[in-house]
6 protein chains.
Amino acid sequence: MLNEAAILAAREGRKAIEMDDLEESATKVKLGPEKKRLQSEEERRITAYHEAGHALVSSSLPHMDPVHRVSIVSRGLALGFTEVPPTTDRYHQTKTDLLERITALLGGRAAEEIKFKELTIGAANDIEKATLIARKMVAEFGMSRLGPIFLERGEKAWLARQMGEPYGYSEEMAAKIDSEVSRITGECFQRAKEILRDNSKKLDRIADALMEKETLEAEEFEKLIKKPSR
Amino acid sequence: MLNEAAILAAREGRKAIEMDDLEESATKVKLGPEKKRLQSEEERRITAYHEAGHALVSSSLPHMDPVHRVSIVSRGLALGFTEVPPTTDRYHQTKTDLLERITALLGGRAAEEIKFKELTIGAANDIEKATLIARKMVAEFGMSRLGPIFLERGEKAWLARQMGEPYGYSEEMAAKIDSEVSRITGECFQRAKEILRDNSKKLDRIADALMEKETLEAEEFEKLIKKPSR
Amino acid sequence: MLNEAAILAAREGRKAIEMDDLEESATKVKLGPEKKRLQSEEERRITAYHEAGHALVSSSLPHMDPVHRVSIVSRGLALGFTEVPPTTDRYHQTKTDLLERITALLGGRAAEEIKFKELTIGAANDIEKATLIARKMVAEFGMSRLGPIFLERGEKAWLARQMGEPYGYSEEMAAKIDSEVSRITGECFQRAKEILRDNSKKLDRIADALMEKETLEAEEFEKLIKKPSR
Amino acid sequence: MLNEAAILAAREGRKAIEMDDLEESATKVKLGPEKKRLQSEEERRITAYHEAGHALVSSSLPHMDPVHRVSIVSRGLALGFTEVPPTTDRYHQTKTDLLERITALLGGRAAEEIKFKELTIGAANDIEKATLIARKMVAEFGMSRLGPIFLERGEKAWLARQMGEPYGYSEEMAAKIDSEVSRITGECFQRAKEILRDNSKKLDRIADALMEKETLEAEEFEKLIKKPSR
Amino acid sequence: MLNEAAILAAREGRKAIEMDDLEESATKVKLGPEKKRLQSEEERRITAYHEAGHALVSSSLPHMDPVHRVSIVSRGLALGFTEVPPTTDRYHQTKTDLLERITALLGGRAAEEIKFKELTIGAANDIEKATLIARKMVAEFGMSRLGPIFLERGEKAWLARQMGEPYGYSEEMAAKIDSEVSRITGECFQRAKEILRDNSKKLDRIADALMEKETLEAEEFEKLIKKPSR
Amino acid sequence: MLNEAAILAAREGRKAIEMDDLEESATKVKLGPEKKRLQSEEERRITAYHEAGHALVSSSLPHMDPVHRVSIVSRGLALGFTEVPPTTDRYHQTKTDLLERITALLGGRAAEEIKFKELTIGAANDIEKATLIARKMVAEFGMSRLGPIFLERGEKAWLARQMGEPYGYSEEMAAKIDSEVSRITGECFQRAKEILRDNSKKLDRIADALMEKETLEAEEFEKLIKKPSR
């Protein structure tokens with residue numbers, strides 16, 4: 001059940017503002033009962049900027065596929081979503097691809113910070129996904145300053161140890177991994193904010209359009225970002 | 001059974017002076033048998049200041065909902081309670097919202113310290129809830145100096161590892177999380193004490209009214225805090 | 001069975017000279033078989049000072065309830081006991097209450113050290129109870145220099161993690177907790193020794209009376225401690 | 001099932017661009033659904049250089065057996081493969097043999113970096129195998145700066161402890177092992193890059209031939225590498 | 001079965017030269033098959049000095065009970081034994097009692113070192129018992145420089161945590177405990193060696209008598225140690 | 001099954017060039033399929049020097065029993081073996097005995113390094129056994145710079161904790177143990193190399209004889225080592 005929710009939420013481009021079902025039920029108890037979803041204008045505006053942030057950062061990165069649709073219509077647990085389906089098959093995911101994906105995932109949080117000087121818990125799922133990609137880059141794909149080394153601690157390591165293989169690593173190495181993961185997500189977050197700061201007019205334009213039309217298809221979105229930034 | 005108690009106790013605004021059933025039964029053995037609940041005037045006065053602290057801090061914070069009711073009538077395990085039900089639906093919990101919630105939760109302990117230079121174990125549940133929110137801010141919501149990074153160690157991490165995902169983090173990162181959690185709860189506690197020190201007349205007034213009437217409805221409470229502080 | 005013994009031994013005021021059953025059976029093997037309990041005069045004298053220490057420290061602390069009975073008659077596993085039943089209901093256990101309780105628990109060991117320059121294993125249970133209270137003050141009640149923070153590592157943390165809550169803490173924080181626990185028990189032990197040094201005549205008087213009468217009721221005890229110390 | 005996949009993928013000389021089945025199914029959810037394998041020219045070029053890197057590094061090392069076949073025809077999960085079957089029986093695997101094996105395994109990643117200044121996740125399996133060999137050299141074969149010491153932490157250590165044997169080691173030693181593993185894989189990676197930089201013409205030639213013919217048999221491969229490098 | 005052996009071996013005053021059954025069977029495999037117990041003169045001499053060391057140190061300590069019997073007749077797994085049965089009932093085990101017990105336990109190893117400049121594995125059980133007492137002094141009885149603090153990590157701590165009690169301690173505290181345990185066993189070992197150095201004539205005399213008569217009863221032993229040392 | 005193999009391999013004097021069955025099957029997958037055992041002359045030469053190293057070091061140590069047989073005939077998993085059966089019963093294993101045993105175990109690796117400047121994985125089992133003896137010397141037999149202290153972490157510690165005993169130790173102590181184990185195996189390895197360097201003629205002579213006759217009985221071996229070294 002927990003995984004079910006995780007799988008749903010993980011579909012790229014969606015923004016799960018509430019976390020998975022389990023956590024939500026726990027949250028209900030702690031943070032007060034959840035109400036029917038009638039968003040205020042202010043709430044819709046935050047959602048609009050969050051999604052605009054994802055879409056604008058994504059479309060500004062050279063290796064990301066084009067944005068297919070952006071919306072602030074809530075679906076299931078998500079208050080909005082940005083769809084960026086792959087247009088071609090990719091067999092070789094590169095370091096650059098992964099860094100851009102992390103940057104696009106943090107585009108929603110970046111928009112919140114730049115526009116409202118505020119952070120929302122709605123970005124938690126984006127952060128979780130971005131962190132996981134960064135962690136794989138460091139520990140499995142050999143794409144960090146730690147070099148081409150495989151560092152496995154989970155289930156796979158456990159099974160390997162059953163076979164007598166000396167998987168697993170030290171606390172010191174674990175700290176180095178965390179340090180690299182922090183650096184990667186931090187640098188991608190900076191890049192997302194820079195993109196949005198350099199294109200703040202476009203950000204407003206997309207958010208305004210979302211507030212008005214609720215959903216932007218690829219063509220509408222393309223027209224908005226092709227207009228000059230000032 | 002343990003969770004049942006935890007859920008009951010967790011309803012915001014209540015003050016569970018005795019901890020959950022399980023712990024209470026353990027306490028009985030260690031700290032002597034519990035007696036029928038007939039509070040002395042001194043005891044009622046502590047409860048009154050504790051609840052007055054919650055209510056006054058809560059009403060002094062710009063983003064908290066208005067106080068609905070304050071009371072020193074014991075209910076179940078709680079010796080008193082402060083009700084702050086949400087008046088509008090919130091989809092975007094912000095960093096500011098969460099910091100104010102922590103501050104309000106620590107308002108009871110702050111009142112004890114300022115008024116009596118003494119601490120009671122009655123604040124333990126408030127502290128637990130405040131710490132948990134702070135911990136989520138740091139480790140899940142990316143709302144601390146550690147930046148937009150997801151740091152999961154619990155059940156979710158365990159399940160993720162079954163799927164081969166490299167969740168989990170180092171002791172060094174765990175220490176950084178603890179350090180940020182300490183800083184957040186510490187700063188919120190300072191803020192709660194400042195609010196009460198700046199409004200000590202109002203604190204006395206609310207506590208006195210609670211001693212007299214036992215329960216204050218929203219209007220009565222509003223009248224008391226609208227009077228000038230001196 | 002282990003808990004049964006723990007519960008029995010935990011009844012405040014008793015002095016379980018042998019530890020719980022389980023441990024005793026282990027001890028039998030290691031430290032030689034246990035004999036029928038016929039104490040020598042020297043042994044009775046140690047017991048008398050130990051109980052006199054508990055009783056005198058307890059009665060010297062401002063917030064402790066009056067001593068009801070002191071005895072060196074062995075009961076079950078205990079060679080003696082000091083009864084301090086609560087005279088009024090307490091809803092608000094304060095930091096001061098808990099510090100005095102720790103101080104009284106360490107009064108027996110303090111008497112041994114001051115009178116005989118010697119330590120006995122009979123104080124082990126007292127130390128265990130004192131440490132547990134100190135640990136709760138630091139980790140659960142927010143009553144140490146670590147401030148209002150909840151630090152849970154046990155069963156509750158495990159259950160919470162099942163719900164996805166990020167309980168648990170780092171080794172660095174664990175070391176800070178230990179350091180605070182050490183400081184608290186150390187300071188209370190110093191205070192217990194100071195009380196006994198300042199009242200060494202009374203200590204002798206109570207111990208002598210216990211050697212003679214074996215059990216002192218509240219009135220007899222009160223008369224002894226009301227006599228001037230010199 | 002996981003092991004099945006691991007065993008398949010582990011067959012030397014193959015390049016499993018997607019990781020094992022389990023991980024792939026997890027990846028599907030996270031990185032979008034997988035498409036039918038129709039590689040673009042660019043993708044085939046990356047595969048060609050990756051395999052050329054393995055084959056050229058392998059053939060340049062004095063103790064490695066000759067390359068039997070190189071191919072960019074995808075088989076199962078692998079996009080290409082390089083076959084280096086042992087020509088003679090070896091009873092004494094030496095330190096030199098193992099270092100060369102690690103170097104050859106990292107030859108694919110080295111080619112990516114040198115040719116495209118880019119890293120792909122396709123090298124993850126190579127890195128995993130290389131790391132595992134390095135780890136065994138350090139912890140089991142006594143072939144590192146730590147000297148002739150056996151350091152076992154896995155299943156074997158667990159079984160040994162059942163027999164009362166004091167296997168297992170400290171975090172400090174674990175950090176030393178990691179440090180040596182890092183050093184070994186790092187040095188082998190440098191060596192692989194040096195070989196390819198010194199033979200960049202040959203690398204291009206092999207990659208071009210693979211793009212054209214898809215598979216090179218031993219003789220064709222030998223002819224290509226015997227031509228002068230410039 | 002393991003415990004059975006442990007219980008047998010733990011009977012004070014015995015010297016289990018081979019460790020418990022389980023370990024012995026493991027040892028057989030590793031250190032070669034065990035032979036029928038026919039000791040050479042040299043072996044008997046080592047045993048004689050080992051037992052003489054236990055007996056002489058024990059009789060030289062002010063609070064130890066008198067030596068009842070010393071022997072180098074092997075019994076079960078033990079090659080010799082020294083019996084020191086308690087002559088009176090003791091209810092108050094003191095710090096002094098425990099330090100003397102540790103010193104007597106290390107008397108056998110001390111004799112080996114002083115007489116032969118050599119160490120035997122026969123002292124392993126003595127060391128284990130001595131360490132365990134030292135560990136209890138530090139962690140349970142509050143008899144070290146760490147002061148009156150209870151530090152529990154084992155089964156009891158686990159059960160306590162089920163009840164929600166915050167037992168358990170940090171790695172930093174664990175290191176302090178180890179450091180104190182080391183200090184205590186180290187100081188007792190020095191004391192044992194000093195006693196034997198100061199009484200080397202008596203040591204030779206007892207060992208010689210054991211070589212000759214194999215067993216010394218209390219009276220014979222007393223006569224030997226009452227003769228002047230030179 | 002794993003233990004079966006371990007027990008077989010552990011029979012002193014054998015050289016298990018391939019590790020236990022389980023590991024071998026894992027190795028097959030990773031390091032290529034194993035072939036029928038037809039050793040090349042070069043392979044036989046390595047085996048000969050390895051066994052000659054064991055035998056010569058062993059016969060050069062004052063407390064080791066005489067070499068009974070040396071051979072490079074493969075038996076089961078072992079490519080060769082050196083038999084040193086005990087000629088007399090030993091009840092008192094001394095520190096000196098154990099250090100010589102470690103030195104003899106590392107004699108094979110020492111010969112490889114001195115003769116071929118190369119290390120083979122065939123020495124892994126020797127290293128494992130040597131490390132285990134060193135670890136027992138430090139943690140169980142009190143034969144290191146850590147002094148007479150018992151440090152148990154395995155199954156025995158677990159059982160002891162069930163009985164409430166405070167076995168187990170800190171990470172800091174674990175690091176000290178590892179450091180002592182490293183020192184002991186390192187010093188013994190140096191000693192083995194010194195013996196072989198001082199007797200290099202004899203080493204060649206024994207290896208040559210093994211190449212020629214495959215097996216040397218005690219008398220033949222004795223004759224070879226009695227010839228002057230130059």
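Basis for what follows: all heavy atoms, side chains included, without hydrogens, waters or symmetry-related copies. Here is how names work: the chains are called A, B, and so on, in the same order as the sequence lines, proteins then strands, and each is numbered from 1.
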Exercise. Tell me, with the steps shown, if F/Gln93 and E/Thr120 meet side-chain hydrogen bond (donor to acceptor under 3.5 Å, both in side chains).
Key: CA-CA 5 Å; F/Gln93 294 256 359; E/Thr120 74; over 6 Å; no
Quiz item: Is there a side-chain contact between E/Ser179 and F/Met173, using heavy atoms and a 4.5 Å cut-off?
Solution: no
Exercise. Would you check, one step at a time, whether the test side chain to side chain contact (heavy atoms under 4.5 Å, CB included) holds for E/Ile121 with F/Asp97?
Key: CA-CA 10 Å; E/Ile121 68 172; F/Asp97 293 339; over 6 Å; no
Quiz item: Using a cut-off of under 4.5 Å for heavy-atom pairs, which of E/Thr131, E/Leu106, E/Val181 has the most such pairs with chain F?
Solution: E/Thr131
Quiz item: Side chains of F/Met143 and E/Arg109: does their closest heavy-atom pair fall under 4.5 Å?
Solution: yes
Self-check item: Side chain proximity check, E/Asp178 to F/Glu172, heavy atoms < 4.5 angstrom
Solution: no
Quiz item: Which residues, numbered in order, of residues 185-196 of chain E come under 4.5 angstrom of chain F by heavy-atom distance?
Solution: E/Thr185, E/Phe189
Quiz item: Roughly how far, to the nearest 0.5 Å, is the CG atom of E/Leu119 from the OG1 atom of F/Thr96?
Solution: 8.0 Å
Self-check item: Residue pair F/Phe150 / E/Ile127: nearest heavy atoms and the distance that separates them
Solution: N-CG2, 3.6 Å
Quiz item: Quick one: what part of E/Ala130 sits under 4.5 Å from any heavy atom of chain F, side chain, backbone, both or neither?
Solution: neither
Quiz item: Are the side chain of E/Glu128 and the backbone of F/Glu140 linked by a donor-acceptor contact shorter than 3.5 Å?
Solution: no
Practice problem: State, yes or no, whether a side-chain contact exists between E/Arg135 and F/Tyr169 at a heavy-atom distance under 4.5 Å. | Solution: yes
Practice problem: Answer yes or no: is there a donor N or O on one side and an acceptor on the other, between the side chain of E/Glu43 and the main chain of F/His92, under 3.5 Å? | Solution: yes
